[in-house]
Amino acid sequence: MKTDLLLIPMGARYRDMRDAAIAAEEAGFDGLWTWDHLRDPDRGARSRVPESWTVLAALAEVTRRMALGPLVLNVSSRHPGLLANMAAALQEVSGGRLLLGLGAGAHRRLPYAVEHEALGIPVEPDQVRAERVAEAAQVLRRLWSGDESTFTGSQYRLDRPSGFLRPDPPPPIIVGGFGPRMATIAGRHGDGFNTQAGHPRLEELAQTAREAHATAGRDPARFIVTVFGAFRESYLDPASRARAALERLGVERVILLLEPPYDLERVRGAARLLGPR
């Protein structure tokens, strides 16, 4: 099971994210992620949140080995046709290290919804947001494969597209979610599923996603299950019960969250448990 680091961007500055990324690669972390948000709901007008895709592109230039990804991109923020080109470009910049996390974004009951409402971007009902994720994954695959046929969905439309940048190889699409609907979408249209490491229904959700993957005619053995959790020794220590439990469920990557100001000594100290890479 791989061990990744997620740099929480709320209140961070790029130079600090850069230093943490370099320290993480030197320590032996396998992957690096960040959140896709535009503002910090806890700080209001004093908020500062670096934009995720810009940061990932820059970090791709200062790292060489780690996988890179957003956990997860809100599909309402970027048309999947634009995102297809963005992902193809980042895959080229990173030398094939992109893991493309997709998600439905915040519902109206969460404080993150404000960042879209303030910009006039509708926060749709759960069913609509889920449909957008499913269709976005289909649009991405079509454009990446060079499919020039017209696509008409309930949320997105392609009119005989041609000439779009194609990634080599196409990055895995990992769908984030917390319930069976998103797990099913992940299995049917994605290459992986992400949820909380401590989710009480983790085993059930992973099985739902894998079954949907098999039903779609794809190999469930190649399906990626990733989880996120707190940066703590129980998730770093290969001999811990927490890691053993995740490995028994076939979890491929555990993603540990780190808040700014990033403790670089703590990141470097993980090397003793991560081992050589």
Side-chain angles (χ1 to χ4, degrees), residues 1-10 24 29-37 40-42 49 52 67-75 99-113 126 129-130 133-134 137 172-213 220 223-238 240-260 262 266 270 273-274:
M1 185 169 67
K2 294 178 170 62
T3 307
D4 299 351
L5 188 66
L6 184 146
L7 301 177
I8 295 175
M10 281 67 179
F29 282 92
D30 297 293
L32 189 72
W33 305 75
T34 191
W35 282 345
D36 179 34
H37 285 294
D40 184 345
D42 295 328
V49 181
S52 62
L68 300 160
L71 198 74
V72 286
L73 286 181
N74 182 347
V75 294
L99 298 172
L100 181 56
L102 286 185
H107 54 68
R108 292 191 182 98
R109 298 180 299 281
L110 289 178
Y112 291 119
D126 291 355
R129 293 183 300 109
V133 175
I173 297 172
I174 299 175
V175 175
F178 303 97
R181 172 164 48 193
M182 295 308 294
T184 300
I185 289 173
R188 185 176 299 156
H189 300 291
D191 304 292
F193 177 62
N194 176 269
T195 194
Q196 291 167 302
H199 197 298
R201 299 166 63 193
L202 174 57
E203 183 174 9
E204 174 191 338
L205 293 176
Q207 184 64 23
T208 296
R210 291 188 177 110
E211 288 176 354
H213 206 63
F223 190 75
I224 304 166
V225 175
T226 70
V227 297
F228 66 89
F231 190 116
R232 63 178 191 234
E233 187 155 322
S234 61
Y235 286 140
L236 285 166
D237 185 351
S240 72
R241 286 187 296 175
R243 279 188 75 100
L246 294 176
E247 293 200 52
R248 281 195 298 271
L249 297 179
V251 171
E252 183 168 318
R253 312 184 82 101
V254 58
I255 303 166
L256 308 184
L257 278 54
L258 188 67
E259 295 184 13
Y262 309 119
R266 191 179 179 200
L273 294 170
L274 294 172

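In what follows, residues are counted from 1 in the order of the sequence shown.
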Fill in: Glu259, CD: over 12 other non-hydrogen atoms inside 6.0 angstrom
no

Worksheet item: Is the number of heavy atoms from other residues, nucleotides or ligands under 6.0 Å of Glu203 CD greater than 12?
Response: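 It does not: Glu203 CD has 12 such atoms or fewer within range.
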
Discussion item. Less than 4.5 Å apart, side chain to side chain, heavy atoms only: is that true for Phe231 and Leu6?
Written reply: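 Of all side-chain heavy-atom pairs linking Leu6 with Phe231, none is under 4.5 Å.
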
Practice prompt. Flag the pair Met10 / Val49 as yes when at least one side-chain heavy-atom distance between them is below 4.5 Å, and no otherwise.
Written response: yes

Closest approach of [X] and [Y], non-hydrogen atoms and distance?
X: Ala209; Y: Phe193; answer: CB-CB, 4.2 Å
X: Ser52; Y: Thr34; answer: CB-CG2, 3.8 Å
X: Ala183; Y: Thr208; answer: CB-CG2, 4.1 Å
X: Leu257; Y: Phe228; answer: CD1-CB, 3.8 Å
X: Asp36; Y: Leu73; answer: OD2-CA, 3.4 Å
X: Pro9; Y: Trp35; answer: CD-CB, 3.8 Å

Fill in: Asp191 side chain to Pro172 backbone, donor-acceptor under 3.5 Å
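Side chain of Asp191 to backbone of Pro172, a donor-acceptor pair under 3.5 Å: no, none is there.
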
Discussion item. Can you tell me how far apart CG (Leu249) and CZ (Arg210) are? Round to the nearest 0.5 Å.
Written reply: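 Answer rounded to 0.5 Å: 7.5 Å.
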
Fill in: Audit row: Tyr235, Thr3, side-chain contact (heavy atoms from CB on, under 4.5 Å) steps and yes/no
CA-CA 8 Å; Tyr235 286 140; Thr3 307; over 6 Å; no

Practice prompt. Take Thr195 and Arg201 through the side-chain hydrogen bond (donor to acceptor under 3.5 Å, both in side chains) test and state the conclusion after the steps.
Written response: CA-CA 10 Å; Thr195 194; Arg201 299 166 63 193; over 6 Å; no

Discussion item. With side-chain contact (heavy atoms from CB on, under 4.5 Å) as the criterion, how do Leu246 and Leu202 come out once you've worked through the C-alpha distance, each side chain's angles and the decisive distance to 0.1 Å?
Written reply: CA-CA 9 Å; Leu246 294 176; Leu202 174 57; 3.7 Å; yes

Item to complete: Decide yes or no on side-chain contact (heavy atoms from CB on, under 4.5 Å) for His189 and Val175, but give the supporting numbers first.
Response: CA-CA 9 Å; His189 300 291; Val175 175; over 6 Å; no

Worksheet item: Do Val227 and His199 pass the side-chain contact (heavy atoms from CB on, under 4.5 Å) test, and can you show the C-alpha distance, the side-chain angles, and the key distance before you say yes or no?
Response: CA-CA 9 Å; Val227 297; His199 197 298; over 6 Å; no

